[in-house]
Amino acid sequence: MYRVLFVCLGNICRSPLADGVLAHKLSLAGLAGQVAVDSCGTGGYHVGAPPHCESIRVAEQHGVPLAHLRARQVTIGDFEAFDLIVAMDRQNHQDLLALDASGRLHSRVSLFMSYVPDAADQDVPDPYFGGSEGFDDVYALVDAGCDTLLAEIRQRLADRNPSAPH
Ligand code: 4NP
């Protein structure tokens, strides 16, 4: 199993969208059984809550189920449990690196926008304090980045198991 974790601040707007979109793409690609996807927040403000209603709305408009997800806060154990940890913005990235004070697993942490082709910014903008269009903008970035991630994950699976068909 290859394990991917998306991390934002509250785990109700951005990272659940990335979680749902990548899981959906993996399922369509027939890879759901080989890759586990999860999301969490650096903050604990919304632990146990479902995604923001606008994240659920935009995901469902694109056929992606999201309402089953529940927010949780990142733990140090996540560094061992996940192969790839994707921060939605630079602050999340910095907070993750600070959590793994040893630095031993820093190479597992990447920035979501590094997967978005021709990105103008390094952060997935936080839509929490804005209007509903912000969530549509986040969806477009998440969709583009997850296409790149899907290709990268296929490669990593092939590298792990060179004899398997892919
Ligand atoms: P997220 O958005 O990090 O994309 O889930 C936020 C959600 C909640 C808060 C901030 C950002 N908050 O301050 O409660």
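Both ligands and their constituent atoms are indexed starting at 1 by order of listing.
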(request) Starting from atom 12 (N) of ligand 1, locate the nearest protein heavy atom and write down its residue, its atom name and how far away it is, to 0.1 Å. (result)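 Residue, atom and distance for the closest contact: Tyr128 CE2, 3.4 Å.
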(message) Give me the nearest non-hydrogen protein atom to atom 4 (O) of ligand 1 as residue plus atom name, then the distance to 0.1 Å.
(response)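 It is Arg14 NE, 2.7 Å.
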Would you check if the side chain of [X] reaches a backbone N or O of [Y] as a donor-acceptor pair within less than 3.5 Å?
{"X": "Asp100", "Y": "Leu105", "result": "yes"}
{"X": "Asp83", "Y": "Arg3", "result": "yes"}
{"X": "Arg90", "Y": "Gln122", "result": "no"}

(request) Report the part of Asp126 (side chain from C-beta onward, or backbone N, CA, C, O) that has a heavy atom under 4.0 Å from ligand 1; answer both or neither where that applies. (result)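 Side chain only.
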(message) When you measure from the heavy atoms of His46 to every atom of ligand 1, does any distance fall below 4.0 Å?
(response)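 Flag set, His46 near ligand 1.
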Has ligand 1 got any nitrogen or oxygen that is less than 3.5 angstrom from a nitrogen or oxygen of [X]?
{"X": "Cys8", "answer": "no"}
{"X": "Leu9", "answer": "yes"}
{"X": "Phe129", "answer": "no"}
{"X": "Tyr45", "answer": "no"}

(request) Output the distance between atom CG (Leu96) and atom SG (Cys40), rounded to the nearest 0.5 Å. (result)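 So the CG of Leu96 and the SG of Cys40 are separated by 7.0 Å.
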(message) Over 60° means perpendicular and under 30° means parallel, so tell me whether His52 and Tyr128 are parallel, tilted or perpendicular.
(response)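 Because their plane-to-plane angle is over 60°, the rings of His52 and Tyr128 count as perpendicular.
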(request) Please answer: with hydrophobic residues joined when any side-chain heavy atoms are less than 4.5 Å apart, are Tyr2 and Phe6 in the same cluster? (result)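 Looking at the clustering, Phe6 is in the same group as Tyr2.
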